[in-house]
Amino acid sequence: MIEDMLRELTPQVLAALVRRYGDFDACEDAVQEALLAAARQWPGEGVPDNPRGWLVTVASRRRIEVLRSDTARVRREETVASWTPPEPASSADDSLTLLMLCCHPALTAQSQVALTLRAVGGLTTGEIARAFLVPEATIGQRISRAKAKLQGARFAMPPVAEQAERLAAVLHVLYLIFNEGYTASSGASLHRVELSAEAIRLTRQLRTLLPAEGEVAGLLALMLLTDARRPARTTADGALVPLPEQDRTLWDTAAIAEGTELITSTLRTAPVGSYQLQAAIAAVHDQAQRAEDTDWREILMLYELLEATAPGPMVTLNRIVAVAMVHGPADGLALLDAVDPALKNHHRLAAVRAHLLELAGDRAAALAAYELAARLTQSVPEQRYLQARAAGLGGPS
């Protein structure tokens with residue numbers, strides 16, 4: 001499809017322009033006009049032999065037109081004429097540089113996400129706004145502020161000493177995009193498939209660019225193994241189905257096979273990182289034919305490794321669930337009080353407490369915890385699920 005081709009080419013064309021002319025904001029506008037021209041012409045006239053070259057030419061022409069119309073026209077034209085074009089970089093190098101630029105440390109995480117989806121993902125401002133259920137003006141402001149902050153930034157790979165940190169930021173942004181798509185933080189739908197699909201696509205691209213990076217492979221494997229369960233996570237009317245109750249015949253076996261092979265080979269050849277450990281945990285879940293076949297001892301061991309590698313309140317909470325599944329709900333409940341106070345008002349803590357209380361047979365306390373969790377979450381499917389659990393214990397339906 002032409003739309004898919006344009007989305008694939010967007011970061012390559014934008015990177016080529018920014019490398020040549022600088023000024024991220026103006027180049028992005030020029031690329032958008034080239035994309036619109038292609039969307040109008042190509043369906044009727046056919047796709048050119050070199051679509052990337054066509055887009056670069058049209059966008060460059062537009063960029064030069066803007067330069068010439070500037071109030072400092074003469075000075076700018078002289079500057080352009082005096083430029084010595086840099087050594088041409090491959091489109092792969094440019095795409096990686098652009099992704100690194102969109103995740104510049106001067107930007108907030110929200111701005112990094114929005115700019116990555118716009119500049120690298122090729123989504124329109126409206127598409128991003130609809131995906132995150134926020135006004136289009138809000139996304140537009142984030143993108144505008146991000147581009148303004150990048151005005152003085154060079155279009156080049158970060159210094160070698162900073163590349164590992166910048167790559168970590170890129171992976172975090174892709175992880176955030178995927179998670180928002182897989183479990184929406186608010187709204188009536190559990191999934192925002194366009195976001196999780198875009199995160200997988202961009203991570204695949206990054207994997208092609210950096211095949212030796214174990215954490216890139218780990219993140220891709222994690223996404224594949226997690227997204228494989230999506231068809232079974234909701235009923236026909238959109239109600240949430242928890243992992244133990246899912247119909248595993250609906251899981252995407254091709255994605256599970258690809259993700260399992262990827263994480264297995266990566267763990268053998270690359271230094272272990274947090275995304276790889278999360279992918280390994282997902283693989284253990286996905287390989288169980290039935291919920292009762294899940295190897296919780298292996299999952300507990302992996303969470304202990306993950307907590308030592310990348311500690312955090314959610315990791316601790318998930319480790320406690322594994323402790324409860326291996327040693328019993330009383331052991332898990334005894335550990336909950338020591339969880340990071342930052343989770344005090346998070347629905348996930350209340351939901352875990354409710355689940356463990358239910359397993360321990362304390363129905364009244366479990367009911368109250370389910371009701372609290374339902375009040376704390378902004379996701380409608382999660383609210384309905386938690387309310388249903390409470391109703392099953394004698395609470396209001």
Side-chain angles (χ1 to χ4, degrees), residues 11 15 24 92-121 142 146 149-150 153-182 185 195-196 198-227 259 262-263 265-282 302-316 318-319 340 342:
F24 189 104
D93 291 338
D94 274 350
S95 295
L96 181 57
T97 302
L98 181 62
L99 193 50
M100 293 278 192
L101 185 62
C102 289
C103 297
H104 195 282
L107 306 180
T108 65
Q110 286 183 326
S111 294
Q112 289 173 343
V113 166
L115 191 59
T116 297
L117 287 172
R118 174 65 183 265
V120 185
R142 288 179 190 169
K149 284 190 176 182
L150 294 179
R154 290 179 60 247
F155 186 78
M157 285 290 287
V160 174
E162 299 176 14
Q163 287 181 13
E165 183 178 356
R166 191 73 66 86
L167 178 59
V170 169
L171 294 175
H172 181 61
V173 164
L174 295 176
Y175 182 68
L176 290 176
I177 294 170
F178 176 82
N179 280 349
E180 185 62 28
Y182 188 71
S185 57
L195 286 179
S196 51
E198 188 60 23
I200 291 173
R201 186 182 75 83
L202 292 176
T203 307
R204 280 193 188 281
Q205 284 188 354
L206 189 60
R207 164 80 173 149
T208 300
L209 300 173
L210 299 172
E213 287 288 343
E215 280 292 76
V216 176
L219 180 58
L220 177 57
L222 173 61
M223 290 179 179
L224 292 170
L225 290 162
T226 305
D227 196 59
L262 183 56
I263 189 55
S265 61
T266 301
L267 285 171
R268 292 197 201 105
T269 58
V272 176
S274 63
Y275 293 117
Q276 294 168 62
L277 290 170
Q278 290 178 71
I281 292 167
L302 289 166
Y303 268 121
E304 288 171 346
L305 287 173
L306 180 59
E307 194 168 35
T309 304
M314 283 299 179
V315 174
T316 300
N318 287 328
R319 178 183 60 79
D340 192 322

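Please read these numbers as outputs of a predicted model, since none were measured by experiment. Scope of the values below: all heavy atoms of this structure, side chains included, with no hydrogens, waters or symmetry mates. All residue numbers in this chain count up from 1 along the given sequence.
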Any Leu174 side-chain heavy atom under 4.5 Å of Met223 side chain: yes
Result block: side-chain N/O donor-acceptor pairs under 3.5 angstrom for residues 98-113, not counting sequence neighbours:
from: His104; atom 1: ND1; to: Ala106; atom 2: N; distance (Å): 3.0
from: Thr108; atom 1: OG1; to: Ser111; atom 2: N; distance (Å): 3.1
from: Thr108; atom 1: OG1; to: Ser111; atom 2: OG; distance (Å): 3.1
from: Gln112; atom 1: NE2; to: Cys103; atom 2: O; distance (Å): 3.2
from: Gln112; atom 1: NE2; to: His104; atom 2: O; distance (Å): 3.0

Reported CZ-to-OG1 distance for the pair Arg207 and Thr266, which is rounded to 0.5 angstrom: 5.5 Å
pair Leu195-Leu117: side-chain heavy atoms closer than 4.5 Å: yes
Between CD on residue Glu198 and CD1 on residue Ile177, distance to nearest 0.5 Å: 7.5 Å
Partner set under side-chain contact (heavy atoms from CB on, under 4.5 Å) for Arg204, not counting sequence neighbours: Ile200, Leu220, Leu224, Glu258
Test side chain to side chain contact (heavy atoms under 4.5 Å, CB included) applied to Phe24 and Leu115, step by step: CA-CA 11 Å; Phe24 189 104; Leu115 191 59; 3.9 Å; yes
Enclosure of Gln163 CD (heavy-atom neighbours >12, cutoff 6.0 Å): yes
Trace of the side chain to side chain contact (heavy atoms under 4.5 Å, CB included) decision for Val272 with Leu305: CA-CA 10 Å; Val272 176; Leu305 287 173; over 6 Å; no
side-chain contact (heavy atoms from CB on, under 4.5 Å) partners of Pro311, counting only residues at least two apart: none
Atom pair OH (Tyr303) and OG1 (Thr309), whose distance is rounded to the nearest 0.5 Å: 13.0 Å
Derivation of the side chain to side chain contact (heavy atoms under 4.5 Å, CB included) call for Glu215 and Leu167: CA-CA 10 Å; Glu215 280 292 76; Leu167 178 59; over 6 Å; no
Which atom of Ser95 lies closest to which atom of Ala15, heavy atoms considered: N-CB, 4.5 Å
Pairwise distance CD(Glu307) to CG(Leu302) - rounded to 0.5 angstrom: 13.0 Å
Verdict with supporting geometry, Leu222 and Phe178, side chain to side chain contact (heavy atoms under 4.5 Å, CB included): CA-CA 10 Å; Leu222 173 61; Phe178 176 82; 6.0 Å; no
Heavy-atom pair with the smallest gap, counting every atom of Gly218 and Ala279: O-CB, 3.6 Å
From Thr97 atom OG1 to Arg166 atom CZ, the distance as rounded to the nearest 0.5 Å: 10.0 Å
Between NE2 on residue His172 and CG on residue Leu219, distance to nearest 0.5 Å: 11.5 Å
Any donor-acceptor N/O pair, Ser265 side chain to Leu262 backbone, under 3.5 Å: yes
Heavy-atom pair with the smallest gap, counting every atom of Ala280 and Leu267: CB-CD1, 4.2 Å
